[in-house]
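Here the structure is a predicted model, which is why all the values come from computation and not from measurement. The chain is numbered in sequence order, starting from 1.
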Amino acid sequence: MCTINALCLDSLDQLLETLLQWKTKYGRQALSFTLNILRFPSFQSPLVLPDNLRTQYRDRLQAWLDANGLNEFLHEHEVNHLQRLIDYLDVVKTPHSEAFDRPRLLNDFKQFHTQYDQRRGKNFTKTFPELKEWYDAI
């Protein structure tokens with residue numbers, strides 16, 4: 001089970017590729033995956049990302065699905081979960097009806113990760129270099 005948040009999208013297609021390789025090696029029934037979209041806390045939702053990044057991630061996932069969607073090792077529910085995520089990244093603009101204050105979501109995102117870095121001795125922009133420009137601009 002994968003919980004899809006703002007930070008996992010950059011490598012999700014790589015994870016799916018690895019899972020498909022394992023399914024091919026060990027059999028269709030050896031493992032199964034679901035993609036559950038995080039909605040709370042809203043500032044960690046994939047929808048906190050800017051449109052250009054969501055579009056980029058959506059396109060990569062769609063390309064993976066186009067190439068692998070008919071693979072005999074994928075279960076129907078796995079394909080459906082991936083299509084639901086692709087549609088979510090494309091159509092939905094706010095995580096839920098009460099989370100329409102984008103500046104607040106961005107502020108909460110930045111504050112959370114700044115504090116996390118301080119507490120844990122981490123560095124967000126080194127860990128997620130693909131998000132550096134956006135993160136620094138918040």
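Checked by atom type and distance alone, the side chain of Arg39 never pairs as donor or acceptor with a backbone atom of Ser45 at under 3.5 Å. Asn123 places a side-chain N or O within donor-acceptor distance of the main-chain N or O of Lys126, the cut-off being under 3.5 Å. A side-chain donor-acceptor contact under 3.5 Å links Thr18 to the backbone of Gln14. Between the side chain of Asn5 and the backbone N or O of Cys8 there is at least one donor-acceptor pair closer than 3.5 Å. Put simply, the side chain of Arg102 gets close to the backbone of Val48: a donor and an acceptor are under 3.5 Å apart. Counting only distance, with no hydrogens or angles, the side chain of Lys132 and the backbone of Thr125 share no donor-acceptor pair below 3.5 Å. For the pair His81 (side chain) and Leu35 (backbone), a donor-acceptor distance under 3.5 Å is present.
Under a cut-off of 6.0 angstrom, the local environment of CD in Glu17 is crowded, with over 12 non-hydrogen atoms contributed by other residues, nucleotides or ligands. For Tyr26, the OH atom sits in a loose shell: 12 or fewer heavy atoms of surrounding residues, nucleotides or ligands are nearer than 6.0 Å.
Looking at Ser11 and Asp13, their side chains never bring a donor and an acceptor atom within 3.5 Å of each other.
Counting only heavy atoms from C-beta outward, the side chains of Leu74 and Phe33 approach each other to under 4.5 Å. Looking at Leu15 and Cys2, their side chains come closer than 4.5 Å, going by heavy atoms from C-beta outward. Two residues are said to be in side-chain contact when any heavy atoms from C-beta on lie closer than 4.5 Å; Leu20 and Trp64 meet this criterion. Using a 4.5 Å heavy-atom threshold, the side chains of Tyr88 and Arg54 count as separate. Gln29 places a side-chain heavy atom less than 4.5 Å from the side chain of His75. You'll find the side chain of Phe124 reaches within 4.5 Å of the side chain of Leu131, heavy atoms only. The side-chain heavy atoms of Asn107 and Gln111, taken from C-beta on, include a pair separated by under 4.5 Å.
Each of Leu49 and Tyr116 belongs to its own hydrophobic cluster when Ile, Leu, Val, Met, Phe, Trp and Tyr are linked at side-chain heavy-atom distances under 4.5 angstrom.
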inquiry  = Walk me through whether Gln44 and Leu7 qualify under side-chain contact (heavy atoms from CB on, under 4.5 Å).
reply    = CA-CA 8 Å; Gln44 291 183 359; Leu7 303 181; over 6 Å; no
task = Would you sort out whether Tyr135 and Phe128 count as a ring pair (Phe, Tyr, Trp, His ring centres under 6.0 Å), showing the intermediate values?
result = CA-CA 9 Å; Tyr135 184 78; Phe128 302 100; 9.1 Å; no
task = Check step by step if ring pair (Phe, Tyr, Trp, His ring centres under 6.0 Å) holds for Phe109 and Trp134.
result = CA-CA 12 Å; Phe109 182 92; Trp134 168 71; 5.1 Å; yes
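Here Asp87 does not pair with Arg84 in a salt bridge; the nearest charged N to carboxylate O distance is not below 4.0 Å. The pair Lys23-Glu78 meets the salt-bridge criterion, with a side-chain N (NZ, NE, NH1 or NH2) lying under 4.0 Å from an Asp/Glu carboxylate O.
Among the candidates Leu89, Leu12, Asn36, Leu38, the single residue satisfying the side-chain contact (heavy atoms from CB on, under 4.5 Å) test with Ile4 is Leu12.
Considering CG of Asn52 and OH of Tyr57, their distance stands at 9.0 Å, rounded to 0.5 Å. To the nearest 0.5 Å, atom CZ of residue Arg58 and atom CG of residue Leu85 are 11.0 Å apart. Taking CG of Asp10 as the start and CG of Leu53 as the end, the distance is 8.5 Å to the nearest 0.5 Å. Taking CG of Leu16 as the start and CD of Gln21 as the end, the distance is 11.5 Å to the nearest 0.5 Å. Atom CZ of residue Arg104 and atom CZ of residue Phe43 lie 10.5 Å apart, to the nearest 0.5 angstrom. One finds the CD1 atom of Ile138 at 5.0 Å from the CG atom of Leu106 (value rounded to the nearest 0.5 Å).
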